[in-house]
Amino acid sequence: MKKQTSPELETMRHSAAHVMAAAVCRLFENVRLDIGPATEDGFYYDFDLPHRLGPEDFPAIEAEMAKIVAEDHPFERVEIARDEARRMLEERGQTYKIERLAEIPEGETITLFKSGEFVDLCRGPHVAATGRLGAFKLLTVAGSYFHGIETNPMLQRVYATAQMTQADLDAQVRQLEEAKLRDHRRLGRELDLFSIEESVGPGLIHWHPKGARVRCLVEDFWRQEHFRAGYELLYTPHIGRAGLWETSGHLGFYRESMYAPMQIDENEYFIKPMNCPFHIQIYQGRRRSYRDLPVRYAELGTVYRYEKAGVLHGLLRVRGFTQDDAHIICTPEQIESEIREVIRFARAMWRAFGFEDIAAYLATRPEKAVGEEARWAQATAALEAALQGEGIPYETDPGGGAFYGPKIDLKVRDAIGREWQMSTIQFDFNLPERFDMTYTAADGTPHRPYMVHRALLGSIERFFGILVEHHAGAFPLWLAPEQVRVMPLTDKQLPYAQSIATALRQRDFRVTVDSAPDKIGAKIRQAQVEKIPYMAVVGGREEQAGKVALRHRTSGDLGPMDPDAVIARLQDEVARKGAASAQE
RNA sequence: GCCAACGUAGCUCAGUCGGUAGAGCAGCGCAUUCGUAAUGCGCAGGUCGUCGGUUCGACCCCGACCGUUGGCUCCA
């Protein structure tokens with residue numbers, strides 16, 4: 001996957017951030033600056049000032065920026081000694097900048113950038129002069145902790161965007177509008193897929209019939225593919241005793257994400273934030289031989305995690321969700337082929353759902369880690385070899401792994417170019433130790449198995465949200481909650497319409513009949529709004545000929561067809577799954 | 001949790017200066033039986049997020065709480 005912004009654009013955006021900061025300094029008193037980088041789709045600048053910035057300030061700031069652009073100040077790069085920089089910042093009361101200065105490593109050249117009266121400690125680069133900015137627009141203001149640390153003071157961050165030309169900016173605004181139309185929260189309500197009820201609680205999902213139907217289809221497919229790939233499926237409880245979570249270590253380092261315990265008889269129980277301890281119990285239920293390995297346990301396990309109120313977001317970030325979890329327990333000899341299988345599996349799964357563009361991130365051993373170095377090395381090598389063997393482009397994040405093992409995260413790109421991380425393949429050197437997991441090797445002695453957590457879809461809730469956005473609510477035929485709507489032109493064709501619906505239902509299609517006394521145009525509009533893939537219009541002509549006039553939601557009128565031909569066409573499209581949807 | 005904005009009918013939104021609310025769509029009823037994205041007429045629908053305060057009087061002003069949105073942090 002390639003970056004979507006060019007270095008020129010980034011430079012221009014960063015320069016725009018300086019201009020915005022300069023404008024804010026002109027308009028308000030006592031502005032202390034932090035930093036103003038370019039981002040993937042714009043830029044921001046963090047300030048601390050007594051005035052509370054709000055959208056009502058934007059027109060003035062934008063106007064001042066336009067003035068600075070018109071003044072066309074050159075961006076002047078000045079190298080400066082550290083002491084001198086410090087003195088200058090102290091004079092100006094730029095406390096955040098002084099801290100930033102202290103973080104610059106010894107020996108690195110310190111530079112300032114001047115544009116008119118505005119001076120900022122900055123590495124650059126910048127455009128030649130403030131007159132060289134493209135089109136820009138302020139977007140929102142948000143709070144942001146200095147350095148992103150909660151105990152630090154909160155700064156005011158102004159988000160903005162900039163493009164080389166006004167046309168590009170307009171295009172970006174259109175793209176934002178497009179994303180808004182695809183928003184799964186909006187479509188979830190409009191298409192009656194799911195809801196979140198204030199009376200029940202935030203972050204808790206209610207699947208309505210249509211959403212539940214899609215989920216069911218996703219899960220059926222998921223189960224079928226897992227059996228085919230040699231997994232065993234498990235169901236495990238939703239709660240477990242405190243002792244279990246002590247052994248697993250969750251109460252030690254994960255407690256703030258777990259819900260308060262409940263007292264049952266004399267014991268404390270916790271609702272599960274993860275499925276792993278239960279799977280391990282099943283593994284531990286009897287002695288395991290090397291001949292039993294690999295063990296592949298999979299579960300659509302619903303877990304509950306406390307998420308801070310401010311981070312909840314539709315289906316993408318919730319408090320109760322269903323992981324498509326699996327644990328692979330295997331010998332050292334098996335790990336490479338097992339990882340490779342998982343990657344293949346993930347890719348096939350994504351393809352079925354219409355996602356082709358995949359990239360990977362390999363995260364290696366952090367400073368603080370458990371487990372022997374040799375195991376880390378072997379596991380990391382296995383992950384890398386599998387990525388190379390499967391020809392998946394990847395970036396390495398050195399030291400980015402969890403303390404308990406290295407991992408690969410797989411990201412997919414959706415229909416409008418956004419990247420989503422869902423699959424994760426994660427070694428765990430911690431739990432096998434804590435639970436003292438073993439298998440008996442060929443030599444009769446106990447050995448410690450390797451354990452891998454993996455999720456393909458991530459969470460069913462989140463995956464469903466992404467699926468809705470990817471397809472803009474127009475599910476491919478195999479997933480559509482309603483696949484065909486039969487529409488009699490008048491009441492006279494109602495019995496014939498029913499017979500067509502029955503014939504399709506007998507072939508397992510999801511069909512309804514629109515028997516409302518509306519005109520055909522209104523029925524079609526309704527079905528289009530509901531994003532139903534096929535409409536079967538039946539009037540007097542069709543009834544006479546024993547046909548239906550098939551209409552597709554994007555291709556339009558397909559003309560009269562024999563019911564058998566319709567069935568053959570739909571069966572073929574269902575069989576092609578994601579491949580079919582890509583053509584739409 | 002923190003910063004900011006927001007919360008009016010099922011949905012989208014209007015509501016002037018403080019004098020207890022209105023539209024479109026959806027719903028329901030009646031009429032219409034129609035050829036590929038909206039047939040007409042009528043009816044009904046609200047503790048203005050919740051609680052408290054100010055006021056003769058609060059959708060409107062103030063406070064607290066709940067929720068939503070955009071961020072910060074973290075992640076599936």
Side-chain angles (χ1 to χ4, degrees), chain A residues 39 44 46 48 52-57 139-159 180 183 185-186 189-190 192 195-203 254 256-257 273-274 301 303 305-325 402 409 420-424 426 453-466 487-494 515-530 535-542 549-553 555-560:
Chain A
T39 63
Y44 64 83
D46 283 347
D48 192 359
R52 286 257 166 262
L53 290 170
E56 66 280 0
D57 297 316
L139 298 174
T140 55
V141 56
S144 154
Y145 299 105
F146 181 56
H147 272 294
I149 295 167
E150 286 187 37
T151 48
N152 280 348
M154 179 160 277
L155 309 177
Q156 302 188 61
R157 173 172 297 180
V158 177
Y159 277 95
K180 228 172 167 181
D183 191 309
R185 293 166 299 183
R186 174 197 182 110
R189 188 176 52 238
E190 286 175 357
D192 198 15
S195 64
I196 298 167
E197 305 293 335
E198 186 172 341
S199 55
V200 175
Y254 202 74
E256 73 284 2
S257 295
M274 292 187 190
V303 298
R305 297 181 186 174
Y306 172 72
E307 298 283 359
K308 292 176 183 175
V311 307
L312 299 175
H313 181 91
L315 293 173
L316 302 184
R317 187 67 173 213
V318 297
R319 284 180 172 164
F321 61 98
T322 305
Q323 289 183 306
D324 73 313
D325 207 359
D409 288 330
W420 303 95
Q421 190 239 303
M422 274 168 293
S423 304
T424 183
Q426 215 155 352
H453 308 264
R454 61 95 284 207
L456 267 28
L457 305 179
S459 101
I460 299 293
E461 287 75 7
R462 181 177 147 91
F463 171 70
F464 181 67
I466 292 162
M487 304 171 179
L489 205 67
T490 76
D491 289 351
K492 287 196 200 72
Q493 290 87 41
L494 192 51
S515 57
D518 290 329
K519 300 207 293 191
I520 198 67
K523 291 184 183 186
I524 286 169
R525 187 189 135 78
Q526 185 58 34
Q528 290 284 155
V529 167
E530 291 180 48
M535 288 150 263
V537 176
V538 291
R541 294 204 294 266
E542 286 75 21
L550 197 65
R551 179 188 161 96
H552 185 259
R553 65 180 166 207
S555 312
D557 192 358
L558 301 170

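Here the structure is a predicted model, which is why all the values come from computation and not from measurement. Chain naming here is simple, since letters A, B, ... match the order of the sequence lines and numbering starts at 1 in each.
Of all nucleotides listed (B/A76, B/U33, B/G35), B/A76 comes nearest to the side chain of A/E307. Closest to the side chain of A/V318, from the set B/C74, B/A76, B/G70, is B/A76. Candidate nucleotides B/G70, B/C11, B/C72 were compared by shortest atom distance to the side chain of A/R157, and B/C72 ranks first. Proximity note for A/K519 (side chain, C-beta onward) versus B/C75, B/C72, B/U39: the nearest is B/U39. When distances run from any side-chain atom of A/R525 to the nucleotides B/C75, B/A38, B/U36, the shortest one goes to B/A38. Closest contact between the side chain of A/E198 and the listed nucleotides B/A37, B/C11, B/C66 involves B/C66. Of the candidates B/G1, B/C72, B/U36, the closest approach to any side-chain atom of A/V537 belongs to B/U36. Across B/C34, B/G67, B/A37, the shortest atom-to-atom separation from the side chain of A/P202 is found for B/G67.
Nucleic acid contact class of A/A549 (heavy atoms, under 4.0 Å, all strands): base. In this structure, A/I520 reaches the sugar-phosphate backbone alone: every heavy-atom distance under 4.0 Å involves primed, P, OP1 or OP2 atoms, never a base. In this structure, A/L155 reaches neither bases nor backbone, as no heavy-atom distance under 4.0 Å exists between it and the strands shown. Within 4.0 Å of A/R541, counting heavy atoms only, lies at least one base atom of the nucleic acid. The residue A/G540 sits close to a base: some heavy atom pair falls under 4.0 Å. Within the 4.0 angstrom heavy-atom criterion, no nucleotide atom of any strand lies near A/V303. Among the protein residues, A/A455 comes within range of no part of the nucleic acid, since none of its heavy atoms lies under 4.0 Å from any strand. Within 4.0 Å (heavy atoms only), A/E542 reaches at least one base atom of the nucleic acid. Across all strands, A/G539 comes closer than 4.0 Å to base atoms (heavy-atom distances).
Between A/V311 and A/K308, the one whose closest nucleotide on RNA chain B sits nearer the 5' end is A/K308. Comparing A/K492 and A/M422 along RNA chain B, the residue whose closest nucleotide (by nearest heavy atom) sits nearer the 5' end is A/K492.
In the interface, the side chain of A/R462 is not paired with the base of B/C75 through any donor and acceptor atom under 3.5 Å apart. Between the side chain of A/Q156 and the base of B/G71, no donor-acceptor pair of N or O atoms lies under 3.5 Å. Side-chain N/O atoms of A/Y145 and base N/O atoms of B/G1 include a donor-acceptor pair closer than 3.5 Å. Between the base of B/A38 and the side chain of A/Q528 there is no donor-acceptor pair shorter than 3.5 Å.
Distances shown here put a side-chain N or O of A/H313 below 4.0 Å from the OP1 or OP2 atom of B/G70. Look at A/Y159 and you'll find a side-chain N or O under 4.0 angstrom from OP1 or OP2 of B/C72. Dashed line: the shortest gap from a side-chain N or O of A/R185 to OP1 or OP2 of B/G70 is under 4.0 Å. Of the side-chain N and O atoms in A/R305, none sit less than 4.0 angstrom from OP1 or OP2 of B/C74.
Looking at RNA chain B, the stems built from 3 or more consecutive Watson-Crick or G-U wobble pairs, each pair with its key distances under 3.5 Å, are B:1-7 with B:66-72, B:10-13 with B:22-25, B:27-31 with B:39-43, B:49-53 with B:61-65.
Looking at every heavy atom in both residues, A/M487 comes nearest to A/A527 through CE-CB, 3.5 Å. Summarising the geometry of A/G314 relative to A/I196, their closest heavy-atom pair is O-CD1, 3.8 Å, with the distance given to 0.1 Å. Smallest separation of non-hydrogen atoms from A/R551 and A/D557: CG-N, 3.9 Å. Across every non-hydrogen atom of A/R186 and A/K180, the tightest pair is CD-O, 3.4 Å. Contact detail for A/E197 and A/S195: the closest heavy-atom pair is OE2-OG, 2.6 Å.
Here the side chain of A/D324 pairs a donor or acceptor atom with the backbone of A/G458 at under 3.5 angstrom.
Where stacking is scored as ring centres under 5.5 Å apart with planes under 30°, A/F321 registers as stacked on the base of B/A76.
Note that CZ of A/R317 and CD of A/E461 are 13.5 Å apart. Values are rounded to the nearest 0.5 Å.
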